[in-house]
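Okay, so here's the structure we're looking at.
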Amino acid sequence: MSESGTPGQFMATLEEEQTQSGTRRMILNMGPQHPSTHGVLRLLIELDGEIITRCDPDIGYLHTGIEKEFEVKNYQQAVTLTDRVDYLAPLSNNLGYVLAVEKLLGLDIPPQAQWMRVMLAELTRLNSHLVWLGTHALDIGAMTVFLYCFREREEILRIFEMFSGQRMMTSYFRIGGLALEPPRGWAKRVKAFIDTFPSKVDEYEELLTNNRIWIGRTRGVGFISLEDMLDLGITGPMLRAAGLKVDARKDRPYSSYEKFDFVVPTRQENDVYARYQVRLEEMRQSARIITQAMEGMPSGPWKADAPHVVLPDREKMKTQMEALIYHFKIVTEGFRVPEGEVYHVIESPRGELGYYVVSDGTTHPVRVHMRTPSFGNLQAVPKMVEGILIADVIASIGSMDFVLGDTDR
Amino acid sequence: MIPDNLREHAVAVAVDGFDGEAITGGKQDRGEWTVEIAPGKIVSVCGFLKYDQQFIRLSTVTAVDRYPAEPRFEVVYHLYSIERNEWLRLKCRLPGVDPVIESVTSVWRSANWYEREVFDLFGIQFINHPNPRRILMPEGWEGHPLRKDYPITGYRV
């Protein structure tokens, strides 16, 4: 890591050091629009031949001030902001936020809404892992996988559209339940997808798992010790590929995850290949969870019995004075959330996603802080790439699976 | 001196045993423990929590602006112990004028970027930080956007 001030100064310091020591080192500016960096990440890399001697990530190009925006939205409106943080896993972000606010409110969510949330959050995990696998393989040179992955992803996006009317910015989870009633025929659609999905994972494995080029590019690459990972704030599949079995869905179950039977896959090798194996196994486990959720979906209400928070049914609003008043209050002013603060952590596809919500008893949050997995993971990039070959950088950072929107917020 | 409501919290009692002047307050709310620490003691308390109480992960560092109340800023640390499967929130209150606190990067390296973010968005200075510059906002940006007296539309048109 550079000890100097701005990136410009970083460059200047490097050049000065080189003149003094007489060595010839090259400084490479990678990004912020490099096609392989998954968004607008800028890496300043100092090279000695082909070996990286120093690396300095420069982030913030996608900073949109979402945390500031939260403070002028009321609680329910702010759900739409959470989609835009991690645009590859919108429903995971919805879930983290609504669970935090529901904890502040002390709401009981009916079983159907909880199970629906689990099912859709796992579909989001598939969606995110598919994009990761496709682009990661594309970076390393296997183009076919990308096309296969996006074929399945398209079907997931259609399922999201069926539920929420939106393919990507779904905002389907709301404080108190779901945004809309689950659509007619959803089970048939999800079943058709999930029944064939494990065979699709087999297809990806056929393309990659025993592929000599893939193994050559990924095995033994991108090692970072478990101690360093924990110290630098890495979470999620990266930790599990190093043999540490941590998963918020198992450790501190939320939204009825304790009722589902699934395994947290781990590997010991701690390299890019192990992370690939872990994520592929996670896809199979997510498929299991989705099947269980679909088959055992409880019936009953899909939003909480809390008239001061949840909008009344349309019919009631037209016939009952009380419902009309609640509707008016919720729409014009929003609902009040009791004073307090909570930190709710869920397992997003990328790792630990925490929402810290502070309320002062009004209709707008005082502060919402997002502990996003990409920000934590990206911090370890210098430790991971220093000392390795420049050709392995893309494979290494690709295995982290970060999203820059998630990093910069 | 440890407040009465923290006596049933094992970690707070241990911290109190380690340094009797470290804890200034705390509470349990909705199943989550918050322990308030005197700002001057934060590094030693964090070191104790990491090495003696197995809080090996620092999940995040952030801040809350209580403008116009005083002390204005709260620096909030979320720690997680994998071994104990337990979360802990530490909080330090800082004044609105010249808010300064010591960096915990010597305990957890992950604090590096989180503290830079807090400096960038709240203007809280971290002493002994290895790389104290902005992280999200552009270089040379004026002001700290997450402060409550910073307008939502910004100063620039």
Side-chain angles (χ1 to χ4, degrees), chain A residues 1-9 56-65 67-69 71-72 103-104 106 227-235 239 244-246 251-252 338-345 352 354 356 358 360 366-367 369-372 375-376 378-380 383 407-409, chain B residues 27 29-32 34 50 56-67 69 74 76-80 82 85-89 91 105 107-114 116-118 120-122 129-141 145-148 150-154:
Chain A
M1 286 289 275
S2 87
E3 308 279 305
S4 57
T6 64
Q9 285 167 353
D56 190 27
D58 184 16
I59 62 167
Y61 291 92
L62 270 183
H63 179 60
T64 45
E67 290 183 4
K68 181 85 176 171
E69 193 88 20
E71 295 168 13
V72 292
K103 197 171 176 187
L104 273 173
E227 260 185 3
D228 281 335
M229 281 195 196
L230 290 169
D231 205 27
L232 285 165
I234 288 185
T235 50
L239 280 183
L244 191 66
K245 204 171 194 162
V246 283
D251 299 340
R252 298 179 82 88
E339 201 176 333
E341 55 193 322
V342 294
Y343 183 62
H344 200 288
V345 166
E352 179 183 286
Y356 176 55
V358 185
D360 61 351
V366 171
R367 173 97 173 98
H369 170 70
M370 291 164 271
R371 188 267 178 227
T372 53
F375 189 83
L378 205 56
Q379 190 168 189
K383 184 76 201 164
T407 312
D408 297 341
R409 286 155 287 151
Chain B
K27 62 171 191 228
D29 182 22
R30 297 168 173 90
E32 298 184 9
T34 307
K50 183 183 177 186
I56 56 168
R57 278 203 52 228
L58 172 71
S59 181
T60 175
V61 181
T62 186
V64 181
D65 184 0
R66 295 285 185 183
Y67 184 78
E74 294 170 0
V76 185
Y77 304 80
H78 284 99
L79 319 183
Y80 181 58
I82 295 175
N85 190 14
E86 197 176 310
W87 283 95
L88 179 65
R89 173 160 53 236
K91 200 181 257 190
T105 37
V107 184
W108 297 281
R109 276 177 286 162
S110 58
N112 188 331
W113 279 20
Y114 289 108
R116 274 176 71 187
E117 187 189 317
V118 173
D120 191 357
L121 304 178
F122 286 92
H129 192 282
N131 193 9
R133 59 179 163 104
R134 285 187 186 272
I135 185 165
L136 294 176
M137 301 304 285
E139 295 160 28
W141 188 267
L146 275 183
R147 288 190 171 194
K148 290 282 182 193
Y150 191 96
I152 180 82
T153 48

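Residue numbers start from 1 in every chain, and the chains themselves are labelled A, B, ... in the order their sequence lines are given, proteins ahead of strands. Computed from a prediction, not measured in an experiment: that's the story for all the values here.
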Report summary line: Per-residue tally against chain A (heavy atom, under 4.5 Å) across B/Ile56, B/Ile135, B/Ile82 peaks at B/Ile135
Query raised in the report: Using a cut-off of under 4.5 Å for heavy-atom pairs, which of B/Pro138, B/Ser110, B/Ala111 has the most such pairs with chain A?
Result: B/Ser110
Minimum heavy-atom distance [X]-[Y], with the two atoms named:
X: B/Arg30; Y: A/Pro338; answer: NH2-CB, 3.6 Å
X: A/Gln379; Y: B/Trp113; answer: OE1-N, 3.0 Å
X: B/Asp29; Y: A/Glu341; answer: OD2-N, 3.9 Å
X: A/Arg252; Y: B/Asn85; answer: NH1-O, 2.7 Å

Chain A contact via [X] - side chain, backbone, both or neither, heavy atoms under 4.5 Å:
X: B/Val107; result: backbone
X: B/Arg134; result: neither
X: B/Tyr114; result: both

Please flag which part of [X] lies under 4.5 Å from any non-hydrogen atom of chain B: side chain, backbone, both or neither.
X: A/Tyr356; answer: side chain
X: A/Glu352; answer: side chain
X: A/Leu378; answer: both
X: A/Val366; answer: both

Query - Main-chain N/O of B/Arg147 paired with A/Lys68 side-chain donor or acceptor, under 3.5 Å - result: yes
Query raised in the report: Nearest 0.5 Å, what's the CG-NE2 distance between B/Asp120 and A/His63?
Result: 7.0 Å
Query raised in the report: Can you tell me how far NE2 of A/His369 sits from OG1 of B/Thr62, rounded to the nearest 0.5 angstrom?
Result: 4.5 Å
Report summary line: Scored by heavy-atom pairs under 4.5 Å with chain B, the best of A/Asp360, A/Ile234, A/Leu230, A/Val342 is A/Val342
Requested in this report: Would you check if A/Arg367 and B/Leu146 make a side-chain contact, meaning some heavy-atom pair closer than 4.5 Å?
Outcome: yes
Query - Heavy-atom side-chain proximity of B/Thr60 to A/Met370 below 4.5 angstrom - result: no
Query raised in the report: Where do A/Val345 and B/Trp87 land on the side chain to side chain contact (heavy atoms under 4.5 Å, CB included) test, with the steps shown first?
Result: CA-CA 10 Å; A/Val345 166; B/Trp87 283 95; 3.5 Å; yes
Query raised in the report: Do the charged groups of A/Arg409 and B/Glu117 touch, with an N to O distance under 4.0 Å?
Result: yes
Query raised in the report: Is the closest side-chain donor-acceptor distance between A/Tyr343 and B/Ser59 under 3.5 Å?
Result: yes
Query - NZ/B/Lys148: more than 12 non-hydrogen atoms of other groups inside 6.0 Å - result: yes
Query raised in the report: Given A/Thr235 and B/Arg57, is the side chain to side chain contact (heavy atoms under 4.5 Å, CB included) satisfied, shown in steps?
Result: CA-CA 10 Å; A/Thr235 50; B/Arg57 278 203 52 228; 3.4 Å; yes
